[in-house]
Amino acid sequence: MIQRQLPPWARADNPILRTLLGAARTEGRRARLVRAFFVMLGGGLALMVGYLIASDYNTTNPLERPVSQALFEILFYPVLFFQLVLRLSALGMTVGAVAEEKRRQTWDSLRATVGGVALALRARWSAVVLYRLRGLLAVTILARIVMIGALLYDLTAFSGEYLNYLVGGIIPQISVPVAVLLLSLMMTASLLLPLTGLGLDAALGLLVSTAVRQRLYVGLVQILLSLIRVGVVLLLVLAVTRFRDPAGLTGTTDAGTWILLAAFAAIGDWGFSFLYLGFYGGEVWANVPYGILIGPALLLFIFMQTALTDVILALAIRRGERRE
């Protein structure tokens, strides 16, 4: 059913896509095991770090705290780790697309075929986003579903008056039904951001593969983009950590804080933190005017990011068709 809803170049029975997925399956068993080992090791270490931070380095028991708070504090760093792995993997799997086609001696045939380059690049994009990275993508989405369950459980606190308590005194003044709608938009955005962000990174990798000719320069550009990606995420996490500090972000206007939090949700942790109502409702809504409108803003960002992905893919295809 889902396959029929996809465009032809994204379906598993597409010949080019089937070839790409078949080549991935024939990858050396040792290489796959090594990669899986390091991903699991990194995830386990991140989970341990998350637990240590949540327990104040074993001085308290995080399980004695409210369920949603304990889940958020334990899962935040592992989820952040897996999301960074996702983004860097999407870039790494597509940045050498043209070089790989040339190595297989199929690039000239694709260029000579009407629409061949477009089919090949779109199929490679689909192979990365919809198939090869779906395991890690499922992990990030599953973590969000767990947090959404905890959020819904929190809404039953105080005999169901918890949300009414959170919206009291915030700017703008809204009713509880409107708050429920805006909260639903935030949950929807948090579930969609990993997929659209992954698609953008894969498209960016394809653009690099068609724009940079020398393999050495391709590797350098990949390293540079990866460092920028990691640096931006770390800076946003640090800034939001300062926001949560009692001293706050001194010297920052309300508009600047709103933009910072929206950027953190859109680019930093893909909205995972905002599924913890103690942070999103208890801190953001209460301290940042119009903070409750970040959810609709993220959905707008998702539409813009999707459109940008299409533009980058189209640009990569056009450059690929002109490249020798």
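Linking ILVMFWY residues whenever their side-chain heavy atoms come closer than 4.5 Å, directly or via other members, leaves Leu181 and Leu152 in distinct clusters. The hydrophobic clustering, which links ILVMFWY residues whose side-chain heavy atoms are closer than 4.5 Å, places Val85 and Trp270 together. Cluster annotation: Leu207 is not connected to Leu119 through the hydrophobic network of ILVMFWY side chains, with a link wherever side-chain heavy atoms come within less than 4.5 Å. In the hydrophobic clustering of ILVMFWY residues, with side-chain heavy atoms under 4.5 Å counting as a link, Ile228 and Phe264 come out together. Linking Ile, Leu, Val, Met, Phe, Trp and Tyr whenever their side-chain heavy atoms come within less than 4.5 Å leaves Leu200 and Tyr131 in two separate clusters.
Nearest heavy-atom pair, Ala265 versus Leu298, reported as atom, atom and distance to 0.1 Å: CB-CD1, 3.7 Å. Nearest heavy atoms, Pro172 versus Ile292: CD-CG2, 4.3 Å.
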**Study point:** Derivation and outcome, side chain to side chain contact (heavy atoms under 4.5 Å, CB included), residues Val232 and Leu235
**Key:** CA-CA 5 Å; Val232 167; Leu235 286 175; 5.8 Å; no
Practice item. Test Leu133 against Leu86 for side chain to side chain contact (heavy atoms under 4.5 Å, CB included), laying out the working first. Key: CA-CA 7 Å; Leu133 292 178; Leu86 259 178; 3.9 Å; yes
Exercise for review: Mind running side chain to side chain contact (heavy atoms under 4.5 Å, CB included) on Thr196 and Thr309 for me, showing each step along the way?
Suggested key: CA-CA 8 Å; Thr196 59; Thr309 300; over 6 Å; no
Exercise for review: Could you go through the side chain to side chain contact (heavy atoms under 4.5 Å, CB included) check for Phe272 and Thr140 one step at a time?
Suggested key: CA-CA 9 Å; Phe272 180 79; Thr140 63; over 6 Å; no
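For the pair Val79/Val139, no side-chain contact is recorded, criterion being any heavy-atom separation below 4.5 Å from C-beta on. Contact of the Leu183 side chain with the Tyr280 side chain is registered, since non-hydrogen atoms from C-beta on lie closer than 4.5 Å. Considering only heavy atoms from C-beta on, Thr94 stays 4.5 Å or farther from Trp125 through its side chain. Taking 4.5 Å as the limit, some side-chain heavy atom of Ser273 sits within range of a side-chain heavy atom of Phe72. Between Ser190 and Met147 there is no side-chain heavy-atom pair separated by less than 4.5 Å. With a 4.5 Å cut-off on side-chain heavy atoms, Thr188 and Leu299 count as touching. Residues Asp254 and Val288 have side chains not in contact (no heavy-atom distance under 4.5 Å, counting atoms from C-beta outward). At least one side-chain heavy atom of Thr210 sits less than 4.5 Å from a side-chain heavy atom of Leu121.
Counting only distance, with no hydrogens or angles, the side chain of Gln222 and the backbone of Leu91 share no donor-acceptor pair below 3.5 Å. In this structure a side-chain-to-backbone donor-acceptor pair under 3.5 Å is present from Ser184 to Val180.
Taking the six-membered ring for Trp and thresholds of 30 and 60 degrees, Tyr162 and Tyr165 have nearly parallel ring planes, at less than 30 degrees apart. In this pair, Phe274 and Phe279 present their aromatic rings perpendicular. The plane angle is above 60°, beyond the 30 to 60° band.
Legend: residues meeting salt bridge (charged side-chain N to carboxylate O under 4.0 Å, His left out) with Glu283, ordered by chain and number and at least two apart, are Arg244. Remark: Arg87 pairs with Asp201 by the salt bridge (charged side-chain N to carboxylate O under 4.0 Å, His left out) rule, at least two apart or across chains.
The OH atom of Tyr217 lies 14.0 Å from the CG atom of Leu224; values are rounded to the nearest 0.5 Å. Between the OG atom in Ser68 and the CD1 atom in Ile148 there is a gap of 13.5 Å [rounded to 0.5 Å]. Considering CG of Leu261 and CG of Asn287, their distance stands at 10.0 Å, rounded to 0.5 Å.
Of the listed residues (Ile174, Val167, Leu182), just one forms a side chain to side chain contact (heavy atoms under 4.5 Å, CB included) with Trp285, and that residue is Val167. Of the listed residues (Leu191, Leu136, Leu192), just one forms a side chain to side chain contact (heavy atoms under 4.5 Å, CB included) with Ile141, and that residue is Leu191.
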